[in-house]
**Student:** 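Structure provided below as structure tokens; questions to follow.
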Amino acid sequence: MNRFLYELLPYLYMSLGAIVMLTFPALIAQLAAGLLLLAGALVYALRSDHRRTDPTRRRKPGFWPFWVYELLPFAWLAAALQLFQQDQNKTQLMLALIMTTWGLYLLARRSLHRHHKRA
């Protein structure tokens with residue numbers, strides 16, 4: 001598989017899931033969108049964990065189990081998408097924006113020590 005496409009796959013899964021979630025209100029479409037988001041998040045989390053460059057001894061044991069910790073930013077983003085998809089008032093829109101910002105912040109923080117390792 002082309003390396004560019006390989007690296008792009010989790011983002012494609014999540015983007016397609018977000019588009020489906022925002023455009024199709026049917027329950028089956030929402031479930032399919034959730035599965036696409038989950039698949040993209042899992043692929044991203046596995047690759048991200050494999051590419052960690054910070055030393056293992058410097059990693060602090062956290063409160064959350066590994067998978068909860070890894071998927072938490074995506075849970076915030078999926079919840080925000082659900083709020084965006086519903087009928088909106090100003091409070092709901094503001095909450096969705098805050099949740100989106102928080103999810104993106106968590107992903108940005110984690111990306112500091114997670115990139116391709118030099119061989």
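Fair warning: this is a prediction, and the values are worked out from it, not measured in the lab. For reference, positions follow the sequence shown, starting with 1.
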**Student:** List the residues meeting ring-ring contact (aromatic ring centres under 6.0 Å, His included) with F74, not counting sequence neighbours, and say none if there are none.
**Tutor:** Y44
**Student:** For Q85, which residues count as a side chain to side chain donor-acceptor pair (under 3.5 Å) partner, sequence neighbours excluded?
**Tutor:** none
**Student:** Using links of under 4.5 Å between side-chain heavy atoms of ILVMFWY residues, direct or through other members, which residues join I98 in one cluster?
**Tutor:** M94
**Student:** Is there a path of hydrophobic side-chain contacts, each under 4.5 Å between heavy atoms of I, L, V, M, F, W or Y residues, that connects M14 with F84?
**Tutor:** yes
**Student:** Kindly compute the distance separating CG (L97) from OG1 (T101), expressed to the nearest 0.5 Å.
**Tutor:** 6.0 Å
**Student:** What residues form a side chain to side chain contact (heavy atoms under 4.5 Å, CB included) with F66, not counting sequence neighbours?
**Tutor:** D49, E70
**Student:** Could I get the full list of side chain to side chain contact (heavy atoms under 4.5 Å, CB included) partners for L106, not counting sequence neighbours?
**Tutor:** P73, W76, W102
**Student:** Please give me the minimum heavy-atom distance between A96 and A80, naming the atom from each residue.
**Tutor:** O-CB, 3.5 Å
**Student:** Hey, can you pull the donor-acceptor pairs under 3.5 Å for the side chains in residues 19-37, sequence neighbours left out?
**Tutor:**
| from | atom 1 | to | atom 2 | distance (Å) |
| --- | --- | --- | --- | --- |
| T23 | OG1 | I19 | O | 2.7 |
| Q30 | OE1 | Q82 | NE2 | 2.8 |
| Q30 | NE2 | M21 | O | 3.0 |
| Q30 | NE2 | F24 | O | 2.6 |

**Student:** So which pairs with a foot in residues 8-17 pass side chain to side chain donor-acceptor pair (under 3.5 Å), sequence neighbours left out?
**Tutor:** none
**Student:** What pair of heavy atoms forms the shortest contact from P10 to G40, and how long is it?
**Tutor:** CB-O, 3.5 Å
**Student:** Within a reach of under 6.0 Å around CH2 of W64, are more than 12 heavy atoms found that belong to other residues, nucleotides or ligands?
**Tutor:** no
**Student:** What is the minimum heavy-atom distance between A41 and L71, and which atoms define it?
**Tutor:** CB-CD2, 3.8 Å
**Student:** So, do L9 and V43 sit near enough that their side-chain heavy atoms are less than 4.5 Å apart?
**Tutor:** no
**Student:** Quick check: do L81 and T100 have side-chain heavy atoms less than 4.5 Å from each other?
**Tutor:** no
**Student:** If you apply the rule side chain to side chain contact (heavy atoms under 4.5 Å, CB included), what do you find for L83 with M99, and how did you get there?
**Tutor:** CA-CA 10 Å; L83 285 177; M99 292 167 77; 3.5 Å; yes
